[in-house]
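Worksheet for the structure shown next.
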Amino acid sequence: MIVIKTAREIRKMQDACTLSARALKLAGEAVEPGVSTKEIDTIVQKFIEEQGAKPSFLGYGGFPGSACVSVNNVVIHGIPSKKIILKAGDIVSIDVGAYLEGYHGDNAYTFPCGDISKEARMLLDATKESLFQGIQKAVAGNRVGDISSAVQKYVETRGYSVVRDFVGHGVGAKLHEEPSVPNFGTAGRGPRLIPGMTIAIEPMVNQGKYDVEVLSDDWTTVTKDGSLSAHFEHTVAITPDGPVIMTVPD
Ligand code: MG
């Protein structure tokens with residue numbers, strides 16, 4: 001069932017989204033050579049808890065961190081670790097959610113660590129832009145497939161691939177709600193977008209092939225071919241006036 005929120009509920013959810021965005025921004029500012037992914041996680045957890053909220057991911061399905069920190073060929077769900085030390089040239093995907101007063105906000109961004117290669121920069125730019133291509137289609141009356149198709153076309157035109165095994169989702173009182181929002185698909189297909197829906201659009205884009213595999217820790221998801229991967233995500237509200245990006249730090 002797709003939960004439709006009232007304008008008042010969306011206003012309430014805005015606080016959780018703003019907080020998630022501020023936590024993600026802080027996490028990104030901490031990305032530099034020599035920092036462990038555990039240190040980034042601690043910054044996120046402390047900040048969210050100080051604001052009287054809860055990190056959405058901590059303990060979710062047993063996840064042992066407040067942020068997913070996924071480096072280079074890690075697509076998503078990287079477990080923060082003292083042993084993973086960032087170095088110049090890495091790309092660092094950070095996914096953060098905050099739960100405040102009954103609602104979740106969810107967002108992700110891939111940050112460069114120091115100077116990165118031209119190839120890595122191009123992947124980041126393309127993935128970020130594909131998110132905005134998707135958001136532009138998050139318009140009442142359109143269908144989920146319009147978002148999916150816009151993301152996929154943008155990405156594949158540039159020679160990259162979109163991950164199939166993980167997709168975006170509705171978000172609200174629960175972290176993962178219906179509908180699924182794939183980053184691949186056919187325009188005009190899928191559930192109709194109507195005002196009051198809040199969805200997380202989150203392209204995961206691989207430099208190489210789209211196949212991924214989950215490591216034996218049951219979380220860390222890597223590209224099968226070892227290529228780099230990037231991940232950008234916003235929580236977006238469908239409104240009568242068009243898409244509203246809710247995960248903005250202010
Ligand atoms: Mg998400």
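Predicted, not measured: the structure shown is a model, and the values here were computed from it. For ligands, and for the atoms within them, numbers begin at 1 and follow the listed sequence.
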(request) Applying side-chain contact (heavy atoms from CB on, under 4.5 Å), name anything that partners R164, two or more places apart in sequence or on another chain. (result)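 R164 satisfies side-chain contact (heavy atoms from CB on, under 4.5 Å) with Q152, E156, V162, F184, Y210 once adjacent residues are dropped.
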
Closest to the Mg ion (ligand 1), which N/O/S atom of [X] is it?
X: H169; result: NE2
X: D106; result: OD2
X: E233; result: OE2

(message) Could you check whether any side-chain heavy atom of I2 comes within less than 4.5 Å of a side-chain heavy atom of E177, counting everything from C-beta outward?
(response)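 Not touching, per the 4.5 Å side-chain cut-off.
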
(request) Indicate whether any N or O donor in one side chain lies under 3.5 Å from an N or O acceptor in the other, for Y60 and H176. (result)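 Yes, because at least one side-chain N or O of Y60 sits under 3.5 Å from a partner of the opposite role on H176.
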
(message) Checking side-chain polar atoms at under 3.5 Å, does T198 have a donor or acceptor matched by the opposite partner on K5?
(response)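 Yes.
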
(message) Looking at the Mg ion (ligand 1), is there an N, O or S atom belonging to E202 that lies under 2.8 Å away from it?
(response)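 Yes, within the cut-off.
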
